[in-house]
Every structure is written in structure tokens, then in C-alpha cells.
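Let me begin by presenting the structure, written as C-alpha cells, before commenting on it.
Letters A, B, ... mirror the listed sequences (proteins, then strands); counts begin at 1. Quick caveat, the model's predicted, so the values are computed rather than measured.
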Amino acid sequence: MTTPVPPIPRTPAARLRWALADGWTVTRRDLTHWRHRPGDVAVALLFPVLMVLMFGYLLGGGIAVPGGGDYREFLMPGMFAMTMLFGIETTFAAVATDAARGVTDRFRSLPMAPSAVVTGRATADMTHSTLGLAVMIGCGLAVGWRSHGDAGDTLLAIALLLLLRLAFLWIGIYLGLLARGPESLAAVQILVWPVGFLSNAFVPTATMPAWLGTLAEWNPLSSTVTAVRALFGNPGTGDSWIAQHALPMAVAWPALLIAIFFPLSVRCYRRLDR
Amino acid sequence: MTFAVVAEELRKRYGDTEALAGFDLTVPEGTVHGLLGPNGAGKSTAVRILTTLLRADSGRAEVAGLDVATRGPEVRHRIGLVGQNAALDEILNGRQNLEMFGRLHHLGARQARARAADLLEQFALTDAENKPVGQYSGGMRRRLDLAAGMILMPAVLFLDEPTTGLDPRARAEVWESVRALVTTGTTVLLTTQYLEEADQLAGRVSVIDSGRTIANGTPDELKGMIGGDRIDLTLRDPRDMPAAAAALARVSTAEPHLDPDTRRISAPVRQRITALTEVVRALNEAAVTAEDIAVRRPTLDEVFLHLTGTAGTPQNPPRPDHHSHNGTEEAA
């Protein structure tokens with residue numbers, strides 16, 4: 001046969017080139033999935049829109065925003081964060097399926113950059129979530145939500161949301177590697193929903209029993225939501241200590257999650273053979 | 001002789017279980033070697049160590065002349081791994097799968113495309129190249145899986161139970177593909193719990209049990225280990241069993257094994273043709289009608305039973321001569 005064997009990269013620069021090329025190949029694989037399964041992508045993108053309609057119009061009438069203000073203005077930052085949270089399920093399902101099918105093992109047996117499996121996944125999932133966020137912003141604008149902050153604040157709010165998604169990415173990868181099968185998706189959904197609802201995303205924590213409200217305020221999701229509400233100039237930011245420090249906390253929480261779950265994922269990936 | 005695979009005293013422990021307990025293996029270049037053993041014998045652990053997916057606790061292994069523990073990236077350049085599951089992307093089509101794996105072998109876009117087209121043709125998948133793999137049949141998946149393991153024409157191809165879960169037709173298709181690969185000079189290490197598979201494909205076989213190699217040889221040598229051929233006799237009338245058994249006992253080297261349910265009698269013999277003539281004459285004298293009479297070599301099933309004292313795993317396909325196991329044990 002005439003297929004030439006490409007040389008093994010020896011220099012750091014060559015290795016980096018391989019890592020980038022391989023990461024892009026893995027990303028492309030996911031982007032090709034979208035083309036093959038546009039329905040799946042549409043459902044994933046439109047599900048949060050459905051939730052906006054449900055909460056904004058069906059349930060929202062009964063919810064008072066502290067300090068006054070429009071409920072849908074209050075809701076949208078919460079929904080943006082929820083969209084990031086749902087990303088855990090996307091990541092989990094993809095990682096768990098690959099691990100169960102042996103695709104991850106095949107990748108590990110190839111002469112490719114080991115990091116590419118993860119960087120490829122991260123790029124694809126972050127792209128997916130950025131698109132999801134764009135759809136939600138469009139949806140928000142359609143139901144009367146506005147960012148009242150300046151361009152810098154608005155961009156910072158979007159960056160904070162994506163940072164939260166990056167933190168959830170590692171949780172998704174870790175759980176996906178741990179589960180070794182996509183069947184446990186239901187279990188992850190059971191985990192995701194209480195985390196989503198036990199926060200200030202849908203209702204002000206002031207309406208909850210005191211201890212539950214405190215718990216909800218210390219939910220990492222809530223810090224991002226509060227920070228984003230403040231940056232967008234949306235109502236209902238609250239006045240507890242953690243709410244007052246929402247902006248640094250919206251950086252600190254994801255940083256902490258990444259500090260925990262990134263090494264855990266790497267360790268789990270290396271020990272996949274167990 | 002150059003060895004494509006060498007393993008010396010490999011050990012691997014998971015908690016309380018010793019998956020490999022001093023595993024040895026040598027596979028000469030350009031041969032097909034079967035690693036035969038039941039579920040949990042350590043076959044997959046051995047393959048995972050040899051393909052750099054797993055690190056051994058101790059021992060040493062070389063693949064294509066390279067130490068798997070210290071030269072992993074180079075080893076990965078020279079091997080192909082076809083695991084127990086068809087490790088493919090179900091949503092992508094066949095061509096896209098092969099192109100992706102080609103790119104991950106750093107072939108470059110154009111070469112990856114050309115190689116994918118070659119392989120699709122070689123494995124008779126060109127017609128299905130645009131179908132999502134999720135719609136492939138079991139046999140097609142395995143063929144695509146094999147193709148994906150052959151992208152760089154590996155020096156050593158590891159096939160870990162390549163036909164587990166396939167129906168007989170798909171299994172035959174995969175066997176045909178593997179035979180075709182062997183002609184290209186690739187060394188193949190095949191793990192299987194199907195004894196027939198090792199018999200069909202492998203030039204040499206290592207029998208592995210509880211993480212250790214317990215026998216090596218050609219399939220014929222292994223069969224020879226349990227001593228000679230066997231005569232299988234199927235009767236028309238079960239009432240003839242005692243008379244037929246007596247006739248067979250005159251030539252057999254051990255007590256014949258009777259299975260009333262299938263009306264079968266089986267016994268080991270030495271001189272195959274003389275024995276057969278003798279049995280036919282004795283049956284005539286006793287006026288016993290045989291429905292079927294055959295001399296056969298022992299199966300690898302029986303070899304395995306002889307070596308390990310336990311029957312093959314329940315996943316083995318049902319075999320007509322399964323019931324002769326007890327007789328074999330007595331013969332041993």
C-alpha cells in the first residue's frame with residue numbers, strides 16, 4: 001500500500017499544530033452531527049424558548065418582582081443561565097455515548113493528540129451553547145426583555161454566562177466519563193432540574209422559606225443570574241451579602257467548579273480503562 | 001524470527017481481582033494469533049495493555065519492536081484496534097467516519113478522503129457510504145470498524161472479539177474480511193471466546209485462563225493434546241443405545257459417552273479408519289441402525305474443557321457436539 005505514515009511531531013510547535021488540527025477534527029465531527037440531525041439541534045435550542053413562554057405568560061402573572069418591575073425582564077437572565085445549565089445534559093450525553101460505544105477508546109488508541117478529544121468536545125459544546133444563548137436573546141427581545149446596560153456591561157454579562165457554561169462543561173464531561181453509558185441521562189436530568197429551580201432564576205428568593213432562600217442564593221447559578229441582571233439593568237437583584245457580591249461570585253463560582261471538575265475529568269479520562 | 005508482539009510476565013490487578021497474573025505471549029510477524037479464553041480470562045486486559053490504553057502493574061510488552069509503556073505514541077502509529085463494540089460514530093455516515101479517523105491519523109484532507117474511498121471499496125461498503133452508520137447492519141458495522149482499524153496499514157492489528165453478538169452470516173462476512181487482511185502482511189492478534197473462530201482464522205492459538213497462558217500451539221496441536229479422533233454415532237432408535245455403546249466400546253480408548261436426548265454416542269478412538277470399519281461391522285452384527293456416523297477431530301471446545309476443567313462460556317454458539325463434553329473428560 002502507498003499510504004504514507006506521517007512523522008511523529010517532535011517539536012512543541014509541531015505538537016501544538018497536531019493538537020489544534022485534531023481538536024478541530026473532533027469539533028467538526030459534532031458540527032456534522034448538527035447537519036445530520038437538525039431536528040435534535042432545533043429541539044435543544046427551542047426548549048428554553050418554550051420555558052420562557054411557560055413562565056413568562058402562564059406562571060409569571062402570579063410572581064411579583066421585588067422592588068417592582070416586569071417579570072419577563074426578571075425572568076430572562078434566569079433563563080439565559082438555565083440554558084447554560086441544560087448544556088450539562090448535552091455534554092453528558094455525548095461523552096457517555098462515546099465512552100460506552102468504545103469511540104473514546106479508539107481515539108485513545110490513535111496517534112492523535114490526547115487533548116483533542118476534550119478540546120474538540122469543549123469547542124463544539126461551547127459553540128452549541130453560544131448559539132443557544134443567541135436564540136434566547138432573540139427570544140427575550142421578542143417578549144419585551146431589553147439590556148439597559150451599555151455595550152461593555154452587556155458583553156460582560158454574556159461572557160459570564162459562557163463562563164458558567166464552561167464550568168458546567170467539565171461537570172458534564174466528568175459525569176459522562178463516570179457513568180459509562182448514556183442510559184443515566186435521566187439521573188443527570190434529575191440533578192439538573194432541582195439545581196435550576198433551587199435558585200433565583202424563576203422566582204425571587206425572598207418568596208422562599210428563609211433557609212431555602214439562603215440555599216438558593218448560594219447556588220452558583222444564582223450568582224451568575226444576579227450579576228447578569230445587574231449588568232443588563234434588569235430588576236430583582238436582591239440585597240443579601242452574596243447578592244451584593246454577585247459579580248465577583250459569578251467569576252469565583254465557575255472558577256471553583258472548574259478547579260474541581262477539570263482535574264477530576266482528566267483523571268477519569270486517564271483511568272478510563274478501569 | 002521477528003516478533004510483532006512480545007509480552008513477558010504481564011500483571012494487572014483491579015482491587016481484589018487479578019486480571020493478568022504473569023501473562024506471556026509471543027506472536028511472530030505476519031501471522032494470525034488467537035487468544036482464546038472465556039469471559040473474564042484477561043484477554044481484553046492484555047489487549048488494552050498492548051494497545052497502550054492501559055498500563056500494566058508489572059512485566060514488559062513490546063509491539064512492533066517498541067515498548068508499549070515508554071513509546072506509546074509510536075506504538076499507536078503502528079497498530080490498529082478493533083474493539084468489542086463497533087467504535088463508530090452512529091450519526092455520521094460510513095465515509096465520514098473513515099475520513100474522520102483518517103484525519104486523526106494525520107493523513108490530510110485529500111489523502112484521508114482517498115483512503116476512505118479505498119477502504120470502503122475493499123470492505124464492500126461503497127454502496128452504503130452515504131448512509132448513517134446507525135442504519136448499518138451488524139456485519140456492515142463490523143466491516144467498517146475493521147476498515148477504521150486499517151487506515152494506516154498497521155503492523156499489528158488487534159481484534160478484540162470481532163464477532164461477538166453477530167449472527168452466523170455476519171460472522172462469516174467478518175471472517176472473510178479478516179482473511180483478506182492477513183494476505184497484506186499485517187500481524188493479527190485476535191481475541192475470541194468462540195473456539196470455532198480461532199480454529200477458522202488463527203495459525204497459532206494461546207489458551208488463556210485466569211490471566212495466564214495455559215497452552216500454546218496450532219489448533220491441530222491443541223486438539224492432539226487431548227488424544228486422537230472421536231467417533232460420533234447417532235441412532236434411529238434410542239432403545240439401541242446399550243447395544244451400540246457396547247459396539248463402540250470395543251474400539252474406543254475410553255468409556256463412550258451416551259446422550260439419550262439426542263440419541264448420540266461419542267467416544268475417542270485411535271486408528272480412525274480401522275475403528276470406523278470395526279464399529280460399522282459390530283453395529284451390523286447387533287442389527288442396530290445408525291442414522292449418522294462420523295469420525296471427527298476434537299473441537300477446540302473440548303480442548304478448552306480438557307485444559308481448564310470448565311466448559312466454554314454460555315455465550316458460545318450452541319454446537320451439535322456439545323453433549324460429548326463429559327466423554328472427553330473421561331477420555332482425558
query = Do the side chains of Q122(B) and D118(B) get nearer than 4.5 Å, heavy atoms only?
reply = no

note = When the 4.5 angstrom heavy-atom criterion is applied to V82(B) and chain A, the contacting part is both

ask   = Listed by residue number, which members of residues 130-150 of chain B have a heavy atom under 4.5 Å from any heavy atom of chain A?
value = D145(B), A148(B), G149(B)

inquiry  = Can a side-chain donor-acceptor contact be found between R165(A) and T224(A) if the only test is distance below 3.5 angstrom?
reply    = no

R78(B) bridged to E74(B) by N-O distance under 4.0 Å = no

note = Greatest number of non-hydrogen atom pairs under 4.5 angstrom with chain A, of T45(B), V75(B), L88(B), falls to L88(B)

request  = Run the numbers on R48(B) and D160(B) for salt bridge (Lys or Arg N to Asp or Glu O under 4.0 Å), then give the verdict.
outcome  = CA-CA 9 Å; R48(B) 297 180 70 86; D160(B) 195 6; over 6 Å; no

task = Report yes if the side chains of L201(B) and R179(B) come closer than 4.5 Å at any heavy-atom pair, otherwise no.
result = yes

remark   = Counting heavy-atom pairs under 4.5 angstrom with chain A, the leader among R76(B), E90(B), E99(B) is R76(B)

request  = Quick one: sort the F202(A) and F197(A) rings into parallel, tilted or perpendicular, breaks at 30° and 60°.
outcome  = parallel

task = Mind checking salt bridge (Lys or Arg N to Asp or Glu O under 4.0 Å) for D167(B) and listing every partner two or more places apart, or none if nothing turns up?
result = none

ask   = Counting only N and O atoms by type, is there a donor-acceptor contact under 3.5 Å from the side chain of T191(B) to the main-chain atoms of L35(B)?
value = no

ask   = Does a donor on one side chain sit under 3.5 Å from an acceptor on the other, for T32(A) and Q96(B)?
value = no

ask   = With respect to chain B, which residue among T25(A), T97(A), D98(A) yields the maximal number of heavy-atom pairs within a distance under 4.5 Å?
value = T25(A)

ask   = R101(A) versus chain B, heavy atoms under 4.5 Å apart: side chain, backbone, both or neither?
value = both

task = Check whether any side-chain N or O of T51(B) sits under 3.5 Å from a backbone N or O of S109(A) as a donor-acceptor pair, and report yes or no.
result = no

Given R28(A), R37(A), R29(A), the one that forms salt bridge (charged side-chain N to carboxylate O under 4.0 Å, His left out) with D89(B) = R29(A)

ask   = Are side-chain N/O atoms of N93(B) and H36(A) paired as donor and acceptor at under 3.5 Å?
value = no

query = Where the side chain of K43(B) meets the backbone of P38(B), is there a donor-acceptor pair that is under 3.5 Å apart?
reply = yes

inquiry  = Using a 4.5 Å heavy-atom cutoff, which residues in residues 121-142 of chain A come close to chain B?
reply    = none

query = Hey, do the aromatic rings of W145(A) and F80(A) have their centres closer than 6.0 Å?
reply = yes

ask   = Where does I79(B) contact chain A at under 4.5 Å (heavy atoms): side chain, backbone, both or neither?
value = side chain

note = Within residues 58-70 of chain B, contacts to chain A at heavy-atom distances under 4.5 Å involve none

Side-chain donor or acceptor of R108(A) paired with backbone N/O of L53(B) under 3.5 Å = yes

Q189(A), CD: over 12 other non-hydrogen atoms inside 6.0 angstrom = yes

